[in-house]
Undergrad: 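Below are the structure tokens for one structure; questions will follow.
Below, all heavy atoms of this structure are taken into account, side chains as well, without hydrogens, waters or symmetry copies.
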Amino acid sequence: QVQLVESGGGLVQAGGSLRLSCAASGRTFSRYAMGWFRQAPGKEREFVARISRWGRTTSYADSVKGRFTISRDNAKNTVYLQMNSLQPEDTAVYYCAADEIGGAAGYADWGQGTQVTVAS
């Protein structure tokens, strides 16, 4: 198990930027691929971005591709989500999650979430 704590959310104007951070503790961080998800009011949780164990491979939802960048610093046990050109439809609670390599349960560990609100 790994414990995850998100930070960096807040209120931003449309077109602005935020950087979310997710700090991990517990098991060795490099054992996990990491993902960002979000859930808007009245909608189901959706995938945002994923990064491989060593940061060599990333993937993004089409809705954020070209605007958001996921990265990680394994020495700091932290994964980041740089969010640029934010739009009101990006408003959601953002969660980070850990997917242990070789595990059968997928994203088994989740953070508490951080609210991102984009004003129009």
Side-chain angles (χ1 to χ4, degrees):
Q1 183 179 337
V2 60
Q3 292 76 48
L4 305 172
V5 179
E6 301 97 332
S7 62
L11 175 65
V12 66
Q13 300 274 51
S17 298
L18 287 172
R19 189 178 77 158
L20 306 183
S21 298
C22 175
S25 61
R27 299 272 277 166
T28 302
F29 189 52
S30 61
R31 294 178 61 91
Y32 302 91
M34 298 295 297
W36 285 97
F37 296 78
R38 66 188 183 186
Q39 186 167 22
K43 300 182 69 175
E44 294 185 356
R45 184 178 62 196
E46 65 175 340
F47 166 79
V48 175
R50 179 181 174 91
I51 189 166
S52 62
R53 295 171 65 191
W54 305 107
R56 298 187 184 103
T57 304
T58 59
S59 61
Y60 299 91
D62 288 342
S63 59
V64 307
K65 194 173 300 181
R67 299 189 297 120
F68 292 9
T69 302
I70 188 171
S71 62
R72 69 190 295 163
D73 186 341
N74 286 358
K76 296 181 178 179
N77 289 349
T78 303
V79 62
Y80 306 94
L81 185 68
Q82 179 66 47
M83 310 164 68
N84 298 328
S85 302
L86 284 163
Q87 301 299 313
E89 53 264 39
D90 296 316
T91 295
V93 177
Y94 284 71
Y95 300 89
C96 66
D99 181 2
E100 186 173 13
I101 301 303
Y107 291 102
D109 299 304
W110 295 79
Q112 83 289 348
T114 185
Q115 177 71 48
V116 172
T117 303
V118 184
S120 61

Undergrad: Quick one: CG on Leu11 to CD on Gln115, what's the gap to the nearest 0.5 Å?
TA: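 One gets 9.5 Å once the value is rounded to the nearest 0.5 Å.
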Undergrad: Residues two or more places apart in sequence or in another chain: which of them pass side chain to side chain contact (heavy atoms under 4.5 Å, CB included) with Val116?
TA: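 In terms of side chain to side chain contact (heavy atoms under 4.5 Å, CB included), with neighbours along the sequence ignored, Val116 is linked to Leu18, Leu20, Met83, Tyr94, Val118.
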Undergrad: Give, for atom OG of Ser25 and atom CG of Leu4, the distance between the pair rounded to the nearest 0.5 Å.
TA: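 With rounding to 0.5 Å, OG (Ser25) is 8.0 Å from CG (Leu4).
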Undergrad: Do the side chain of Arg72 and the main chain of Ser52 share a donor and acceptor less than 3.5 angstrom apart?
TA: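 At least one qualifying donor-acceptor pair exists.
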Undergrad: Could you check whether the rings of Trp110 and Tyr95 sit parallel, tilted or perpendicular, using 30° and 60° as the cut-offs?
TA: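 Taking Tyr95 first and then Trp110, their aromatic rings stand perpendicular (interplane angle over 60°).
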Undergrad: At what distance, to the nearest 0.5 angstrom, does SG of Cys96 lie from CD1 of Ile51?
TA: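 Separation between the atoms: 12.5 Å.
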Undergrad: Are Tyr107 and Val2 linked, directly or through intermediate hydrophobic residues, by side-chain heavy-atom contacts shorter than 4.5 Å (ILVMFWY only)?
TA: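 No; tracing contacts between hydrophobic side chains, which count when under 4.5 Å, never links both residues.
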Undergrad: Once rounded to the nearest 0.5 Å, what's the spacing between atom CG of Leu86 and atom CD of Gln13?
TA: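 Rounded to the nearest 0.5 Å, the CG-CD separation comes out at 11.5 Å.
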Undergrad: About how many Å separate CD of Glu44 and CD of Gln39, when rounded to the nearest 0.5 Å?
TA: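 Between atom CD of Gln39 and atom CD of Glu44 there are 8.0 Å.
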Undergrad: Sequence neighbours excluded, which residues qualify as side chain to side chain donor-acceptor pair (under 3.5 Å) partners of Gln87?
TA: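 Result, side chain to side chain donor-acceptor pair (under 3.5 Å) vs Gln87: none returned.
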Undergrad: Ring pair (Phe, Tyr, Trp, His ring centres under 6.0 Å) for Phe68 and Trp36? Distances and angles first, verdict last.
TA: CA-CA 11 Å; Phe68 292 9; Trp36 285 97; 9.8 Å; no
Undergrad: Quick one: does any side-chain atom of Asn74 pair with a main-chain N or O of Arg53 as donor and acceptor, under 3.5 Å?
TA: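 Yes, the answer is positive, given that a donor and an acceptor are paired below the 3.5 Å cut-off.
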Undergrad: Kindly list each side-chain donor-acceptor pair under 3.5 angstrom involving residues 27-35, sequence neighbours excluded, with atom names and distances?
TA:
| from | atom 1 | to | atom 2 | distance (Å) |
| --- | --- | --- | --- | --- |
| Arg27 | NH2 | Glu100 | OE2 | 3.2 |
| Arg31 | NE | Glu100 | OE2 | 2.9 |
| Arg31 | NH2 | Glu100 | OE2 | 2.6 |

Undergrad: Measure the spacing between CG of Leu81 and CZ of Arg19 and express it to the nearest 0.5 Å.
TA: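 Spacing of CG (Leu81) from CZ (Arg19) equals 10.5 Å.
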Undergrad: Please check this pair: side chain of Gln112 against backbone of Glu6, looking for a donor-acceptor N/O pair closer than 3.5 Å.
TA: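 Indeed, once roles are kept as given, a pair shorter than 3.5 Å links the two residues.
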Undergrad: So, Tyr80 side chain and Thr69 main chain: donor-acceptor pair closer than 3.5 Å or not?
TA: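 A pair under 3.5 Å: no.
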Undergrad: Are any of the side-chain heavy atoms of Lys76 and Ser21 separated by less than 4.5 Å?
TA: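 No, every pair of side-chain atoms sits at 4.5 Å or beyond.
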